[in-house]
**Student:** 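Quick one: structure below, then a few questions.
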Amino acid sequence: MRQFTTGDLNKQIGDVTDVASREPVILTRHNKPRFVLMSYEHYQQMRGGGDPRRAHHISEMPDEHAELFDEAIERLARGESYDDEP
């Protein structure tokens, strides 16, 4: 994650917001992290749980994930490792 000082934000707002549109940016004051600047879309994803890496309870797991999970459990039960080809 890129870092800028709060002074950089005042002097180079266009550059800082350009970076923040692509990834969250840490704003520091007196060499300490104070704020995080990010796009509204990124913020919404964080608040809404839009992260595709989200964990699911087994009862809520999408069918395609449940099938992959079942196959992996079966391989482990046979003594195969995660890296073994099916």
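Just the heavy atoms: all of them, side chains too, but no hydrogens, waters or symmetry mates, feed the values below.
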**Student:** To the nearest 0.5 angstrom, please state how far the OG atom of S21 sits from the NE2 atom of H42.
**Tutor:** 12.0 Å

**Student:** Given the rule in the side-chain contact (heavy atoms from CB on, under 4.5 Å) test, do L9 and V25 qualify, once you have shown the distances and angles that lead to the verdict?
**Tutor:** CA-CA 11 Å; L9 181 61; V25 168; over 6 Å; no

**Student:** For residues 30-38, dump all side-chain donor-acceptor pairs below 3.5 Å to protein atoms at least two apart in sequence or in another chain.
**Tutor:**
none

**Student:** Considering all heavy atoms of both residues, which atom of G14 and which atom of T17 are nearest to each other, and what is their separation?
**Tutor:** O-OG1, 3.2 Å

**Student:** Looking only at heavy atoms, which two atoms of P24 and M1 are closest? And how far apart?
**Tutor:** O-CG, 2.9 Å

**Student:** What is the distance from atom OG1 of T28 to atom CG of D8, rounded to the nearest 0.5 Å?
**Tutor:** 7.5 Å

**Student:** Would you give the length of the straight line joining atom CG of D70 to atom CZ of R75, rounded to the nearest 0.5 angstrom?
**Tutor:** 11.0 Å

**Student:** Hey, any chance F4 and I26 share a hydrophobic cluster, counting ILVMFWY side chains that come within less than 4.5 Å of each other, even indirectly?
**Tutor:** no

